[in-house]
Amino acid sequence: SATVTPDVQSMGVARQPVSVPGPCGCGASSAPDLVAAVAERKTRNLNPTLSFPVELLASVEEPEALDIPCGEFYLPELRATDAGSLELRVHGRAAIFVAGDVHLGNNLTVTLDEGAELDLVVAGLFDMTGGVFGSSASPARVRLWVGGTRVSLPPNVQFSAAVYAPDAVFSAGLNLRFSGSLYVGALFVLRTYFDPVF
């Protein structure tokens with residue numbers, strides 16, 4: 001019963017009943033408790049191994065390029081102004097746990113060493129007004145986990161990550177260019193280009 005707009009071109013159309021199994025691990029009992037996971041890292045983290053104070057990420061006001069080693073790290077919040085672009089250079093399997101909200105006024109790009117991965121686990125809300133998030137070269141190796149009820153993106157953004165936000169409304173303005181995957185509570189996007197990564 002899908003509606004296809006007149007501007008969609010196809011080589012052929014087949015109409016028949018289909019059976020689609022549910023995605024793996026979607027039962028309520030198997031859903032991870034993201035808020036609890038973040039709270040646990042408040043006292044169990046490798047923050048002392050970072051080459052910068054975590055307080056820096058509470059208010060990024062100018063371009064910063066930060067090295068993230070292998071390990072799990074805890075931030076009370078992550079906020080950047082319109083002038084505060086971030087580059088995270090990840091050198092192993094790393095996870096950053098954010099207790100509050102994430103607000104990015106500018107870009108957050110992720111540069112990954114070979115074999116490196118980044119999980120950004122947010123207990124609160126996620127919103128950005130910048131133009132770039134994630135790793136366009138390796139979107140499946142950047143994962144955004146959101147425990148809050150909102151993921152909000154501006155128009156004309158390049159978003160490259162796997163997103164798990166089961167209770168959130170994922171919304172974006174016109175011309176979102178998305179590479180990755182989405183598992184969200186609801187989706188509201190105005191005219192977009194999706195490049196799913198499996």
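Source: prediction; values computed, not measured.
Note that the CZ atom of Phe188 and the OG atom of Ser152 stand 10.5 Å from one another [nearest 0.5 Å]. For the atom pair CG (Asn107) and CG (Leu86), the distance works out to 9.5 Å, reported to the nearest 0.5 Å. Rounded to the nearest 0.5 angstrom, Leu112 CG and Arg89 CZ are separated by 12.5 Å. Atoms OG and CZ, from Ser171 and Arg150 in turn, are 8.0 Å apart once rounded to the nearest 0.5 Å. Going from atom CZ of Arg79 over to atom CG of Leu57 covers 12.5 Å, rounded to the nearest 0.5 Å. Distance check, rounded to the nearest 0.5 Å: CG of Leu176 to CZ of Phe178 gives 7.0 Å.
Annotation: side chain of Ile68 is in contact with side chain of Phe73 (closest heavy-atom distance under 4.5 Å). Two residues are said to be in side-chain contact when any heavy atoms from C-beta on lie closer than 4.5 Å; Pro32 and Tyr164 meet this criterion. His91 has its side chain within reach of Asp67: a pair of non-hydrogen atoms, C-beta onward, lies under 4.5 Å apart. Looking only at side-chain heavy atoms (C-beta outward), Leu108 and Leu88 come within less than 4.5 Å of each other. Counting heavy atoms from C-beta outward, Trp145 and Val38 have side chains that stay 4.5 Å or more apart. The shortest side-chain heavy-atom distance between Phe133 and Met128 falls under the 4.5 Å cut-off. Under the 4.5 Å side-chain criterion, counting only non-hydrogen atoms from C-beta, Leu153 is in contact with Phe126. The shortest side-chain heavy-atom distance between Leu118 and Ile96 falls under the 4.5 Å cut-off.
When each of Leu66, Leu50, Leu75 is checked for a side-chain contact (heavy atoms from CB on, under 4.5 Å) with Leu56, only Leu66 meets the rule.
Grouping the Ile, Leu, Val, Met, Phe, Trp and Tyr side chains by contacts below 4.5 angstrom, directly or via other members, places Leu34 apart from Leu125. A continuous path of Ile, Leu, Val, Met, Phe, Trp and Tyr side chains, each step under 4.5 Å between heavy atoms, connects Leu120 with Leu182, placing both in one hydrophobic cluster. The cluster map of Ile, Leu, Val, Met, Phe, Trp and Tyr, joined by side-chain heavy atoms under 4.5 Å apart, puts Val169 and Val35 in different clusters. Val132 and Val142 sit in two unconnected hydrophobic clusters of ILVMFWY residues. Membership requires side-chain heavy atoms under 4.5 Å apart, directly or through other members.
A salt bridge is absent between Glu117 and Arg141; no separation between the charged side-chain nitrogens and carboxylate oxygens falls under 4.0 Å.
At distances below 3.5 Å, not a single donor-acceptor pair connects side-chain atoms of Ser138 with backbone N or O atoms of Ser135. When atom types are taken as modelled, the side chain of Asp33 and the backbone of Ala36 share a donor-acceptor pair closer than 3.5 angstrom. Using modelled atom types, one side-chain atom of Asn45 and one backbone atom of Asn47 make a donor-acceptor pair closer than 3.5 Å.
Glu87 and Thr111 are linked by a side-chain donor-acceptor pair at a separation below 3.5 angstrom, with hydrogens and angles left out of the test. Side-chain contact check for Asn156 and Asn175: at least one donor-acceptor pair (N or O, by modelled atom type) lies under 3.5 Å.
Between Val98 and Asp101, the shortest heavy-atom contact is CG1-O, 4.0 Å. In plain terms, the two heavy atoms of Arg93 and Gly115 that are nearest each other are CG-O, 4.2 Å. Nearest heavy atoms, Gly130 versus Pro154: O-CG, 3.2 Å. Residue Thr81 comes nearest to Glu61 through the heavy atom pair OG1-CA, 3.5 Å, listed as atom of the first residue, atom of the second, then distance. For the residue pair Ser160 and Pro139, the shortest heavy atom distance occurs at C-CB, 3.7 Å. Residues Ala168 and Gly148 come closest through the heavy atom pair CB-O, 3.5 Å.
Note: Phe170 and Phe159 have perpendicular aromatic rings, judged against thresholds of 30 and 60 degrees for the angle between ring planes.
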Practice problem: Kindly determine whether Glu77 and His103 satisfy side chain to side chain contact (heavy atoms under 4.5 Å, CB included), including the steps that lead there. | Solution: CA-CA 9 Å; Glu77 60 184 336; His103 173 72; over 6 Å; no
Quiz prompt | CA sep, side-chain torsions, deciding dist, call: Asp127, Val151, side chain to side chain contact (heavy atoms under 4.5 Å, CB included) | solution = CA-CA 6 Å; Asp127 67 83; Val151 176; over 6 Å; no
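A cation-pi arrangement is absent between Arg41 and Tyr74, since the terminal nitrogen or guanidinium carbon is not both under 6.0 Å from the aromatic centre and inside a 45° cone about the axis.
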